[in-house]
Amino acid sequence: MAAQPELTQVERDKLEINPDFDFREIAKRPFEEITPNELSMFKWSGVYHQLQPSFFMIRVVTPGGLMTTKQFRRAVDLAEEFAQGELCITTRQTLQFHWIRKEDIYKIIEGMADVGITTKNGCGDVPRNIIGSSLAGASQEEIGDSYKIIQMLATDHEIRDLQRNLPRKHKISVAFANEAGAQTLMNCQGWVPVKRGDTVGWKFHAGGGLGARPYLAKVIFDWVPEELVLPVAQATVEAFRRHGDRRQRAFARLKIVVDKMGSSGFADVLLDIMKERGVRGLEKIEKAASPIPNIGRMVLNGQEVIPQKQAGLSVVRVMIPRSELKTAQSRTIARLADELGGGKIMFTNRQNMEFHDVPERNVPALLDALHTAGFRTSGHEHLPDIVACVGTTMCKMAVADCPDVYHRLYDALAGDEKYWRAVGPLRINITGCPNNCAHAWIADIGLRGKRTRNESSGSTEGYTVFVGGKLSEAGKIGEQLCDVDAAEIVPAVKKILDAYLKHRLSQSELFTDFCERIGIAAFRNLVK
């Protein structure tokens, strides 16, 4: 199809440039001869140009966050040779390689393909890596088989291969139960299992998304029979392709489409598309009685070990500070997963890892081996469990050094176990720019990078602090509490938490409930 003159440059590129680059050929070309338009289109292959000229990030695709130890070892080998010996876990349950030279891009892509892992659709205006809760397939509370649905959507030819020219990215989440761990409300599509008698169906949410303009998903269908999940998912992507804004990228997400149409209007669009396609059984789908979600609170709440639904097996959880895995650490994890676990590794949306299918008799030995190797297994969903993006270290959009602030907070507060246990469940998320890759909008305490101009030094790095975000019940976007210079982040966060400890009703009142009860104005008065 020829480019149309009225389209934006991005949209013309998407019609004119084949996103399936031959990176062996790219390796031979001087970097200066690669056009900015081509660099942008590398994303469709999971390749992203770093802040540093001629270096790249590569993101693989791991639906649901699951890897075998064979696949993980291959990633470790490639990282050791080409990525300065480090891997990074993302908030969408997969891995990234950083500091990749142009000449080595194809080696990463082909090396991972050899063990069944692709980078296709890792970035770009495409359906991204499909996520779920890290307990998919393992939780005793699971309804149905969520990992089966994840795999079905991830391998669908239409979604994966044909819908690669969308207005913007498209994100899909599949929960294992009605609980917030799969981040249903912040995704373009959010699937939650529902049981009626012995029959499992799915409640369908759509229109979530963060970025600079956050939206929480609406309920579209209260009941979708399992055999119609794929047609509904396909129709949703197609509706986005048809109705998404291709003139203004800031407004090009599905969240804008759903917000404008409303739950009922968007449901009608999906039903019409499926009628066009000859999908049968549509009378079994039930439109939402109310668009307002009601997601249960997370099952995960600090556990180190979780008994699986499979008798005699457990999940063992391990924290990965700042999501960064060095080669030696990675090899230890792979070895322990084989020797004491089930040969599986799961990445979580808080950038940590889990060992699945660990025989109960091996749990004590695995915990002891992890602690001996320097890994931490305590503090999940509490103060030590901080999420942070790469910030100005690698990202062109960032205005703040998020890893630096992460380490300052972690070093100052994570070691005081008495303190963080008194605080209780708490999620701190740090993002370097308004795009909100680290999900500051929906954290208990969200820090978003900013710069303040001043006469003496030009500008000062700082953060806007948001509080009270959540993805349970109907969800809530965090409210702005204050602005803080980067140098004052530790005392500022400590003051916020001390105010909570002093004024909460009881130890059972969670931070998010405290924020909702007292309101943002009263909280500002407590910490001003």
request  = Calculate, to the nearest 0.5 Å, the distance between atoms CZ and OH belonging to Arg24 and Tyr106 respectively.
outcome  = 4.5 Å

request  = Walk me through it: do Leu426 and Tyr500 pass the test side-chain contact (heavy atoms from CB on, under 4.5 Å)?
outcome  = CA-CA 11 Å; Leu426 184 86; Tyr500 159 63; over 6 Å; no

query = Does Val315 reach the side chain of Phe355, with side-chain heavy atoms less than 4.5 Å apart?
reply = no

task = Using atom types as modelled and distance alone, determine if a side-chain donor or acceptor of Trp191 lies under 3.5 Å from a backbone N or O of Ile172.
result = no

message = Are the side chains of Ile159 and Leu230 in contact, using a 4.5 Å heavy-atom criterion?
response = yes

Test item: Asn187 side-chain N/O and Gln189 main-chain N/O as donor-acceptor pair under 3.5 Å = no

request  = Check whether any side-chain heavy atom of Gln163 lies under 4.5 Å from a side-chain heavy atom of Leu166, and answer yes or no.
outcome  = yes

query = Does the Arg164 side chain pair with the main chain of Gly124, one donor and one acceptor, at a distance under 3.5 Å?
reply = no

remark   = What one should report as the nearest heavy-atom pair of Ala398 and Gly391 is CB-C, 3.3 Å

Smallest separation among heavy atoms of Ala180 and Leu471, with atom names = CB-O, 3.7 Å

key: Backbone of Phe176 reached by a side-chain donor or acceptor of Glu142 within 3.5 Å   = no

message = Ring-plane angle category for Tyr410 and Tyr406, please: parallel below 30°, perpendicular beyond 60°, tilted otherwise.
response = parallel

Heavy atoms from other residues, nucleotides or ligands near NZ of Lys396 exceed 12 (cutoff 6.0 Å) = yes

remark   = In this structure, CD of Glu304 is separated from OG1 of Thr377 (nearest 0.5 Å) by 3.5 Å

query = Would Thr90 and Gln96 count as having a side-chain donor-acceptor pair, cut-off 3.5 Å?
reply = no

inquiry  = Testing the 3.5 Å rule here: is there a donor-acceptor pair between the side chains of Asn352 and Arg376?
reply    = no

request  = Please determine, by modelled atom types, if Thr69 and Asp338 share a side-chain donor-acceptor pair under 3.5 angstrom.
outcome  = yes

request  = Taking atom types as modelled, find out whether Glu354 and Ser134 have a side-chain donor-acceptor pair closer than 3.5 angstrom.
outcome  = yes

ask   = Is the backbone of Asp401 close enough, under 3.5 Å, to the side chain of Glu461 for a donor and an acceptor to pair up by distance?
value = yes

message = For the CE atom of Met41 and the CD1 atom of Ile34, what is their distance to the nearest 0.5 Å?
response = 14.5 Å

key: Test item: Thr332 and Phe375 side chains (from C-beta on) under 4.5 Å apart, heavy atoms   = yes

ask   = Does a side-chain heavy-atom distance below 4.5 Å link Cys395 with Tyr48?
value = no

key: Chi angles and distances behind the side-chain contact (heavy atoms from CB on, under 4.5 Å) call for Arg427, Arg350   = CA-CA 9 Å; Arg427 297 159 303 137; Arg350 292 201 66 77; 3.7 Å; yes

task = May I ask you to test the Tyr463-Lys450 pair for a side-chain heavy-atom distance under 4.5 Å?
result = no

query = What is the ring orientation for His382 with Trp420, classed by angle as parallel under 30°, tilted 30 to 60°, or perpendicular over 60°?
reply = perpendicular

task = Could you tell me whether the side chains of Asn436 and Arg448 share a donor-acceptor contact shorter than 3.5 Å?
result = no

request  = Could you pull out the closest heavy-atom pair between Cys123 and Met57, with the gap in Å?
outcome  = SG-CE, 4.5 Å

Nearest-0.5 Å distance, CZ of residue Arg421 to NZ of residue Lys418 = 13.5 Å

ask   = If every non-hydrogen atom of Gly132 is compared with every non-hydrogen atom of Ala182, which pair is closest and at what distance?
value = C-CB, 3.9 Å

query = Mind checking whether Ile489 and Ile430 have side chains closer than 4.5 Å, heavy atoms only?
reply = no

request  = Classify the angle between the aromatic ring planes of His49 and Phe31 as parallel (below 30°), tilted (30 to 60°) or perpendicular (above 60°).
outcome  = tilted

message = side-chain contact (heavy atoms from CB on, under 4.5 Å), that's the test. Do Arg59 and Arg92 meet it? Break it down for me.
response = CA-CA 10 Å; Arg59 183 183 299 151; Arg92 288 195 71 81; over 6 Å; no

Sub-4.5 Å side-chain heavy-atom contact between Leu66 and Tyr147 = yes

query = Salt bridge between Glu86 and Lys326, side-chain N to carboxylate O under 4.0 Å?
reply = yes

message = Distance to the ring centre below 6.0 angstrom and angle to the axis at most 45 degrees; does that hold for Lys102 and Phe42?
response = no

key: Residue that, paired with Asp125, satisfies salt bridge (charged side-chain N to carboxylate O under 4.0 Å, His left out) out of Lys171, Arg249, Arg253   = Arg249

remark   = Heavy atoms of Val490 and Ala412 approach each other most closely as CG1-CB, 3.7 Å

query = Under the 3.5 angstrom rule, does the side chain of Glu488 hit a backbone N or O of Asp485 as a donor-acceptor pair?
reply = no

inquiry  = Under the criterion side-chain contact (heavy atoms from CB on, under 4.5 Å), I'd like the reasoning laid out for Phe466 against Ile477: C-alpha separation, chi angles, the key distance, then a yes or no.
reply    = CA-CA 9 Å; Phe466 300 89; Ile477 300 301; over 6 Å; no

inquiry  = One thing to verify: whether Asp404 and Arg408 come together as a salt bridge, which I'm taking to mean a side-chain N less than 4.0 angstrom from a carboxylate O.
reply    = yes

query = Counting only N and O atoms by type, is there a donor-acceptor contact under 3.5 Å from the side chain of Glu360 to the main-chain atoms of Ser314?
reply = no

message = Has Thr327 got a side-chain atom pairing as donor or acceptor with Gly85's backbone, closer than 3.5 angstrom?
response = yes

task = May I ask you to decide if Met319's main-chain N or O and Asp385's side chain share a donor-acceptor pair within less than 3.5 Å?
result = no

query = How long is the span from the CD1 atom in Ile496 to the NZ atom in Lys494, to the nearest 0.5 Å?
reply = 12.0 Å

message = Checking side-chain polar atoms at under 3.5 Å, does His157 have a donor or acceptor matched by the opposite partner on Asp161?
response = yes

message = Given 3.5 Å as the limit, does a donor-acceptor pair link the side chain of Thr431 with the main chain of Cys389, or not?
response = no

inquiry  = Tell me whether Glu80 is salt-bridged to Arg331, with the criterion being a basic N under 4.0 Å from an acidic carboxylate O.
reply    = yes

message = Hydrogens and angles aside, do Gln50 and Gln52 bring a side-chain donor and acceptor to less than 3.5 Å of each other?
response = yes

task = Decide if atom CD of Glu25 counts as having more than 12 heavy atoms of other residues, nucleotides or ligands within a radius under 6.0 Å.
result = yes

query = So which heavy atom on Gly111 is nearest to which on Arg74, and how close?
reply = O-NH1, 2.8 Å

request  = Starting at CD1 of Ile428, measure out to CG of Leu409 and round the result to the nearest 0.5 Å.
outcome  = 5.5 Å

